[in-house]
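Just below is one structure, and these are the notes that go with it.
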Amino acid sequence: MSDMAWTRFGKKKDMPGGLWIKCESCGAMLFRKDFEQKHRVCSSCGYHFTLAARERIELTADPDSFEELWGDVKAYDVLGFVDKMPYGDKLKATKKKTGESDAVVTGFGTIKGIPCGLGVMNFAFLGGSMGMVVGEKLAMLCEAAVEREVPVVLFACSGGARMHEGAVSLMQMAKTCGALTRLNQAGQVSISVLTHPTTGGVTASFASVCDLTVAEPGALIGFAGPRVIATTIKKELPKGFQRSEFLLEKGQVDRIVARSDMRDELGRLLAYATGRDPVAAFQPDDKPDGDKSEAPDGGSPEPEPADGQPKAKAKAKAKAASRAKTSESGPELVIEAEAGAVDATPKPRARRKKKKE
Amino acid sequence: MTQSSAKPAAQDGLAFERPLKELQSKIDELRNLSKDSHLDLSDEIATLEDRLQKQTAEVYSGLSPWERVNVARHADRPMTSDYVQLMLDDFVELHGDRVFGDDAAIVTGLASMDGVRFLLVGHRKGKTVKDRLACNFGCAHPEGYRKALQKMQLAVKMKLPIVSFINTPGAYPGIGAEERGQAAAIAKNILEMFEMPVPIICLVIGEGGSGGALGIGVGDRVGMLENSYYSVISPEGCAAILWKSGDKAPEAAEALKLTGSDLLRLGLVDKVLDEPLGGAHRDQKATVHGVKAQILSWLEELGKLSTEELLAQRYEKFRGMGNPHAPKKARK
């Protein structure tokens, strides 16, 4: 299971600070500001890039409604695990790099005015791997949701269990599922949102046993990683294998929901879950975030690049178009060794905030 | 997860067995000789046997985690089918998940032993090549986990305790398995096992391979045989990911802390069951006997609890595993 999968997207680096970013799926060159306004969805092919937990919360919860809890719960090196470096050092370095204490952010807030618990995984933190902290925080979240009598929404984004914590991380699968039984006994609804990528021990635990399961489009969702499967069966995998659309077809998820609609959809589902009227009170937001074309700094969405970029861009576009034709399966995912070395590292939150201010 | 039981990896993890085997064959040779030639070699044989005993004890007391992994995968090690045969007075095998099929990699059935009835669930690895292939070397598909669930629900209705034998390299990674929701099947079992109002005993008898093991692994008592392992990932898989080389499996096995004594220290299992000298594969009967006694004593213990106590304790047991709030002093 978790032996599978530390997923890593395409090899091209998302250069922080660069004006342009290349789509991992179709190869289109995207203007960064536009890309970020669309919350990291490719405007050319609709590919949903992995989103940092904080940004996800900002996008999902009502403004200023989210109250983070247990942000100070920290992992420790329970095994004395050393590969290239001691796990303790790896934790420190990752904390510094991401500004997060572990791979999940938990707390309570409202979505469309409906109070709920929120647990959002952060892929940038060691591949979103589930160790004792992820397990503990999600369990506390479920238990607290029972106390508060509210439903929970869990955003999964993870390569699986955290190997560095050995069997302790394996048991977090049990811990989180156990906590969900408490929610079930209390009659509170749980919603799992599967985002790219969700594999291994996270898929094989809480993310698959919530009452409702929705997935973002094109997300890789599976038990074993595609490379492990390909190696085992010694066959090429079918197109679109383990993508959200594949899971929908196989009856594994309730709905596929685009990022731009996620907040509204969750609002609707939560309305049903909590005995509220989904129609009257939960009209879509007036201004869907992704469609705002305001460019506050006066930056044009398609500026003239300085050094012969237009040609490159045209080329990339053509390439993208041809790729889009041949591949329905989204980007080629490469199972990668080192979770910590994931390229999809979103920029630390602090930076984005400064920019906004 | 990979079918590592079929190929015991790059390094021969059972090399330590060779001198023991040589000694054993020497003893056998002498025995035959004395039989055929009517020579009295009993002194020599006794000396050699004594030596074998000492050497076996020495070798097995100093096994590395990687060597233990290989003992856990030993072909002669008692498997679920051996326990069925040697331990039970009656066994009614029940097939199928009622939805898709009957996965040979998980065996389920009604069992009786010394007047105690229970539902037995266990991974099946198979003994012959044909069997092994049919069982995917103990790697179950979703229908295997769903079969286990369906039978466990039957046990709840019949008020029978559940005994689960864990012995899998991991759940099967394949196209069909993914299509039919491997992850969801495992997760569902884990979730449901928390709420089953009957005693559940789980025993890792060989390989405790990750989610595939945990899929029948939530119980009131979890035990491990001395030379079994229980891990979040196979040593080979871990080595391939973190060391970028499957050859580093011995290092990974060391780092993962996957042996019984490690898991006991980490508070993840309740007990490590001793094996006969030289491992379970040297004396299947004695191994099975020990396991039987443990099951009976645990069942008796658990039978005294009320359903509420049972379920509350089961929850707390797993709830407490991997506690990041633990004071630094207690982190050992």
Side-chain angles (χ1 to χ4, degrees), chain A residues 1-4 6 73-76 78-84 131-133 135-136 139 161-163 165-175 177-182 200-201 203-209 222-224 228-229 231-233 235 237-238 241-242 246 250-252 337-338, chain B residues 1-3 170-175 177-184 186-188 190-191 193-195 208-215 217-218 230-234 236-238 240-244 251-252 255-258 262-263 266 268 314-315 318-319 321-326 328 331:
Chain A
M1 86 164 346
S2 36
D3 14 12
M4 16 232 103
W6 300 98
V73 179
K74 288 183 186 71
Y76 65 94
V78 61
L79 304 184
F81 193 100
V82 183
D83 53 286
K84 271 171 287 174
M132 60 167 84
V133 172
E136 186 72 16
R162 189 172 298 168
M163 279 175 287
E165 293 180 23
V168 170
S169 70
L170 178 68
M171 296 309 162
Q172 304 312 306
M173 293 169 62
K175 190 193 274 184
C177 286
L180 279 174
T181 65
R182 290 292 153 109
T203 325
S205 63
F206 70 87
S208 288
V209 282
F223 174 68
V228 172
I229 298 174
T231 316
T232 306
I233 63 172
K235 264 191 245 166
L237 300 173
F241 181 61
Q242 294 184 309
F246 169 90
K250 300 295 172 193
Q252 310 288 345
E338 183 56 87
Chain B
M1 164 109 318
T2 42
Q3 296 167 7
Y172 190 75
I175 293 177
E178 295 287 329
E179 283 179 344
R180 300 193 289 279
Q182 183 72 286
I186 290 171
K188 176 90 176 153
I190 297 173
L191 183 98
M193 287 179 92
F194 271 104
E195 296 195 283
S210 181
L214 196 60
V218 175
Y230 201 171
S231 179
V232 67
I233 181 168
S234 72
E236 291 90 337
C238 180
I241 293 173
L242 291 183
W243 279 266
K244 321 245 192 254
E251 281 87 339
L256 282 166
K257 303 283 186 292
L258 42 63
D262 291 322
L263 269 88
L266 292 165
L268 307 179
R314 194 182 302 160
Y315 182 79
F318 286 88
R319 181 70 183 80
M321 289 181 184
N323 179 9
H325 316 292
K328 281 202 171 144
R331 294 177 179 182

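In what follows, chains carry the letters A, B, and so on, assigned in the order in which the sequence lines appear, proteins first and then strands, with residues in each chain numbered from 1.
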Please give me the minimum heavy-atom distance between A:Ala204 and B:Ile186, naming the atom from each residue. O-CG2, 4.0 Å
Quick check: closest heavy atoms across B:Val232 and A:Ser169, and the distance to 0.1 Å? CG2-OG, 3.4 Å
Side chain, backbone, both or neither of B:Phe318 within contact of chain A (heavy atoms, under 4.5 Å): both
Who wins among B:Ala183, B:Gly181, B:Ala187, B:Ser231 for the most heavy-atom pairs under 4.5 Å with chain A? B:Ala183
A:Gln172 versus B:Met321, closest heavy-atom pair with distance: NE2-O, 3.0 Å
Chain B contact via A:Ala179 - side chain, backbone, both or neither, heavy atoms under 4.5 Å: both
Measure distances from A:Gln252 to the heavy atoms of chain B and classify the residue's part below 4.5 Å as side chain, backbone, both or neither. side chain
On a heavy-atom basis, the closest approach of A:Met171 and B:Leu268 is CG-CD2, 4.0 Å
Side chain from CB out, backbone as N, CA, C, O: work out which of these in B:Arg314 comes under 4.5 Å of a heavy atom of chain A, or both, or neither. neither
What one should report as the nearest heavy-atom pair of A:Met173 and B:Gly211 is CE-CA, 4.0 Å
Rounded to the nearest 0.5 Å, how far does CE of B:Met193 lie from OG1 of A:Thr181? 13.5 Å
So B:Asp262 and A:Leu79, side-chain contact (heavy atoms from CB on, under 4.5 Å) or not? Walk me through it. CA-CA 9 Å; B:Asp262 291 322; A:Leu79 304 184; over 6 Å; no
Does any part of the side chain of A:Glu136, heavy atoms only, come nearer than 4.5 Å to the side chain of B:Arg319, both counted from C-beta? yes
Between B:Glu179 and chain A, which part of the residue has a heavy atom less than 4.5 Å away: side chain, backbone, both or neither? both
Please classify the contact between A:Phe246 and chain B as side chain, backbone, both or neither, with a heavy-atom cut-off of under 4.5 Å. side chain
Report yes if some heavy atom in the side chain of B:Leu256 is under 4.5 Å from a heavy atom in the side chain of A:Phe81; otherwise report no. yes
Smallest heavy-atom separation, B:Val218 atom then A:Ala174 atom, equals CG2-CB, 4.3 Å
Sequence neighbours excluded, the answer for side chain to side chain contact (heavy atoms under 4.5 Å, CB included) partners of B:Glu178 is A:Phe223, A:Ala224, A:Ile229, A:Phe241, A:Gln242
With rounding to the nearest 0.5 angstrom, report the NZ to CG distance, A:Lys84 to B:Leu242. 7.5 Å
Quick check: does any side chain N or O of A:Lys175 sit under 3.5 Å from a backbone N or O of B:Gly322, one acting as donor and the other as acceptor? yes
Pick from A:Gly178, A:Gly166, A:Gly131, A:Gly135 with the largest number of heavy-atom pairs that fall under 4.5 Å of chain B: A:Gly178
Chain B contact via A:Val73 - side chain, backbone, both or neither, heavy atoms under 4.5 Å: side chain
Heavy-atom distance under 4.5 Å to chain A: side chain of B:Leu214, backbone, both or neither? side chain
Considering residues at least two apart in sequence or located in another chain, which fulfil the salt bridge (Lys or Arg N to Asp or Glu O under 4.0 Å) criterion with A:Arg182? none
Heavy atoms, side chains only, cut-off 4.5 Å: are A:Ile233 and B:Tyr172 in contact? yes
